[in-house]
There are 2 protein chains.
Amino acid sequence: MAHPPFAVTVDLVVLTVRADELCVLLVRRGEEPFRGRDALPGGFVRPDEDLATAAARELAEETGLAVGHLEQLASYGDPDRDPRQRVVTVAHLALVPDQPVPTAGTDAAEARWVPVTQARGLAFDHDRVLADGVERARAKLEYTALGTAFCDGEFTVAQLRRVYEVVWGRALDPRNFHRKVTGTPGLLEPTGETTTRDGGRPAQLFRRGAAEQLHPPLLRADT
Amino acid sequence: MAHPPFAVTVDLVVLTVRADELCVLLVRRGEEPFRGRDALPGGFVRPDEDLATAAARELAEETGLAVGHLEQLASYGDPDRDPRQRVVTVAHLALVPDQPVPTAGTDAAEARWVPVTQARGLAFDHDRVLADGVERARAKLEYTALGTAFCDGEFTVAQLRRVYEVVWGRALDPRNFHRKVTGTPGLLEPTGETTTRDGGRPAQLFRRGAAEQLHPPLLRADT
DNA sequence: GCAAAAGTGTTAGCTGTACACCCATGA
DNA sequence: TCATGGGTGTACAGCTAACACTTTTGC
């Protein structure tokens with residue numbers, strides 16, 4: 001049993017919705033290979049930690065962001081994906097509420113939000129990892145309650161709808177969307193509070209409910 | 001950059017439908033650790049091969065089975081999942097038609113089909129990997145054409161329906177199922193042939209079509 | 001003819017879609 | 001009172017579920 005030497009890393013596709021765009025958190029690489037290029041945040045798995053633990057640790061270290069949802073995405077292990085050595089990376093997908101990227105008091109040199117439409121030419125095979133992460137997020141919004149992972153503690157139905165519209169790049173009927181999400185038991189918990197804004201009727205505020213699944217699903221396309 | 005030494009393996013959840021049961025391919029372990037226990041087939045990734053290539057190679061080596069579908073499932077990397085050393089495994093899910101397990105002219109000592117309901121106490125964390133694989137298969141049958149991956153080249157609608165019933169453990173209405181699958185464009189290609197059996201009207205034979213997705217989905221539960 | 005399995009027709013009910021309409025606020 | 005966005009009512013289309021019914025074979 002000769003076991004070739006592998007390094008194992010975790011990479012993070014951290015998504016949020018801000019300024020009506022789906023954005024991903026990228027860091028500028030300060031070293032070779034791919035120096036100066038953008039990359040997904042990530043790092044080596046430590047000898048004593050689980051993959052999920054490593055992902056959560058990297059997310060905290062490199063970003064300090066409050067996490068709405070974190071799950072394993074997929075693994076990537078092309079023999080030449082890292083020119084230095086054989087590296088297998090276990091990519092994870094994180095969905096977080098819109099929040100300014102912390103003032104890099106951390107590992108990450110110049111971590112920042114970039115619209116996914118403009119995130120091209122990333123280091124390693126991160127273009128593909130990002131594409132897979134975005135597709136996973138889009139698909140999971142259909143049949144799970146994960147849309148709320150993009151929202152803050154208290155939010156309106158319209159804010160949640162904006163999330164879906166931005167992630168899917170498709171307009172949704174506000175009336176039907178409202179009925180759907182408020183009619184799904186356990187999805188949203190009313191706080192009793194309402195917002196005050198300029199113009200328009202105040203909206204009720206909700207919190208995330210206990211429901212994880214969305215049944216029947218909310219489909220993104222029909223035509 | 002101190003990179004702790006990792007070994008990387010691929011493990012395979014190979015599922016089939018036989019004798020009206022969902023079965024998984026297991027091998028008896030001939031060495032420590034877990035000598036004598038059942039395990040999922042798998043092995044180390046070679047220095048020059050991709051993860052998907054390694055999975056396909058192991059499947060061919062250890063089983064020699066004709067493959068209907070092969071996809072990455074998830075990775076497992078608990079620090080103590082292998083008592084010998086730190087091992088991260090990239091599990092893959094394979095769906096294959098019902099076929100006798102080849103007369104171990106291969107690596108596998110005593111590879112054999114075991115109903116998933118009786119596959120307990122597997123080596124390593126394979127109980128969990130198997131459970132994840134079965135759940136993935138069940139979920140994917142809802143919205144993809146993967147049910148046909150369990151069928152031979154030519155099959156009847158009833159055989160396909162049996163697949164769904166066995167995987168989901170739920171009876172389906174034969175009439176509605178027939179309409180659904182024959183009405184989905186690109187799912188099935190009629191061969192023009194029919195079966196002859198004892199008793200009952202002969203059934204049309206079909207081949208897998210080009211369609212990958214099933215839209216709208218075929219849901220397994222409503223109550 | 002009878003049993004068995006394939007395949008078709010039909011209907012009731014649910015859900016998604018589209019859109020008219022009313023409600024509550026700020027200016 | 002008007003603009004703006006929140007929220008409700010309602011009609012239609014499409015799909016699913018349930019099941020009566022016809023077709024085609026072997027015995």
Side-chain angles (χ1 to χ4, degrees), chain A residues 20 141-143 145 147 151 154-166 168 170-185 187-207 211 213-223, chain B residues 20 141-143 145 147 151 154-166 168 170-185 187-207 211 213-223:
Chain A
D20 280 343
L141 285 201
E142 290 194 338
Y143 60 94
C151 295
E154 299 199 346
F155 52 90
T156 67
V157 172
Q159 288 170 338
L160 181 60
R161 176 166 50 82
R162 228 73 88 182
V163 164
Y164 277 81
E165 292 182 332
V166 168
W168 286 344
R170 181 200 165 201
L172 297 172
D173 186 297
R175 289 78 59 104
N176 295 333
F177 184 86
H178 187 278
R179 228 192 320 262
K180 176 81 177 181
V181 296
T182 54
T184 300
L187 179 60
L188 300 179
E189 267 183 28
T191 64
E193 306 290 309
T194 56
T195 44
T196 308
R197 291 159 304 92
D198 52 341
R201 171 174 168 177
Q204 286 181 272
L205 283 170
F206 295 89
R207 253 189 297 273
Q213 300 299 310
L214 205 53
H215 201 78
L218 182 59
L219 300 177
R220 52 183 146 157
D222 264 300
T223 34
Chain B
D20 280 343
L141 255 58
E142 289 194 339
Y143 59 94
C151 295
E154 300 198 344
F155 53 90
T156 67
V157 172
Q159 288 170 339
L160 181 60
R161 177 167 48 82
R162 228 72 87 182
V163 164
Y164 277 81
E165 292 182 330
V166 168
W168 287 344
R170 182 200 166 200
L172 297 172
D173 185 295
R175 289 78 59 103
N176 293 333
F177 183 86
H178 187 278
R179 225 194 321 265
K180 176 83 178 182
V181 296
T182 55
T184 300
L187 179 61
L188 300 179
E189 267 183 28
T191 65
E193 306 290 309
T194 55
T195 44
T196 308
R197 292 158 305 90
D198 52 340
R201 171 175 170 176
Q204 286 182 272
L205 283 169
F206 294 90
R207 253 189 298 273
Q213 300 298 311
L214 205 52
H215 201 79
L218 183 58
L219 300 178
R220 53 180 146 158
D222 266 300
T223 36

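Note on naming: letters A, B, ... go to the chains in the order of the sequence lines (proteins, then strands), and numbering restarts at 1 for each one.
When the side-chain nitrogen and oxygen atoms of A:H178 are compared with OP1 and OP2 of D:dT8, one or more of them lie within a distance under 4.0 Å.
Counting any heavy atom pair closer than 4.0 Å across all strands shown, A:P216 reaches sugar-phosphate atoms only and no base atom.
Listed by chain and residue number, A:D173 satisfy the side-chain hydrogen bond (donor to acceptor under 3.5 Å, both in side chains) test with A:R175 (two or more places apart in sequence, or in another chain). The side chain to side chain contact (heavy atoms under 4.5 Å, CB included) check on A:E165 picks up A:R161, A:R162, A:A171, A:L172, with sequence neighbours excluded.
Look at CD on B:E193: it is 18 Å from P on D:dT24, rounded to the nearest Å. Rounded to whole Å, atom P of C:dA5 lies 13 Å from atom CD of B:E165. Separating the CZ atom of A:R161 from the P atom of D:dG5 is a distance of 10 Å, rounded to the nearest angstrom. If you take CG of A:L160 and P of D:dG6, they are 12 Å apart, rounded to a whole angstrom. Summarising the geometry, the separation between CG on B:L219 and P on D:dC15 is reported as 14 Å, rounded to the nearest angstrom. Put simply, CZ on A:R201 is 8 Å from P on C:dT25, counting in whole angstrom units. With rounding to whole Å, B:K180 atom NZ is found 18 Å from C:dT8 atom C1'. Note: CG (A:L218) to C1' (C:dT15) measures 12 Å, nearest angstrom.
Minimum heavy-atom separation, B:A211 to B:P185: CB-O, 3.9 Å. Pairing each heavy atom of B:Q204 with each of B:T194, the nearest pair is CA-CG2, 4.2 Å. Across all their heavy atoms, A:L187 and A:A145 have their closest contact at CD1-CB, 3.2 Å.
Along DNA chain C, the nucleotide nearest B:V157 and the nucleotide nearest A:P202 are compared for position; the residue whose nucleotide lies closer to the 5' end is B:V157. Of the residues near DNA chain D, A:Q204 and B:T194, the one whose nearest nucleotide (by heavy atom distance) lies more toward the 5' end is A:Q204.
The aromatic ring centroids of A:F177 and A:Y164 lie less than 6.0 Å from each other.
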Would you tabulate the pairs of protein nitrogen or oxygen atoms and nucleotide nitrogen or oxygen atoms of nucleotides 18-21 of chain D closer than 3.5 angstrom?
{"unit_1": "D:dA18", "atom_1": "N7", "unit_2": "B:N176", "atom_2": "ND2", "d": "2.9"}
{"unit_1": "D:dA18", "atom_1": "N6", "unit_2": "B:N176", "atom_2": "OD1", "d": "3.2"}
{"unit_1": "D:dA18", "atom_1": "N6", "unit_2": "B:R179", "atom_2": "NH2", "d": "3.3"}
{"unit_1": "D:dA20", "atom_1": "N6", "unit_2": "B:R175", "atom_2": "NH1", "d": "3.2"}

>> Quick one, B:L218 with B:Y143, criterion side chain to side chain contact (heavy atoms under 4.5 Å, CB included). Give me CA distance, side-chain angles, the key distance, then yes/no.
In response: CA-CA 6 Å; B:L218 183 58; B:Y143 59 94; over 6 Å; no
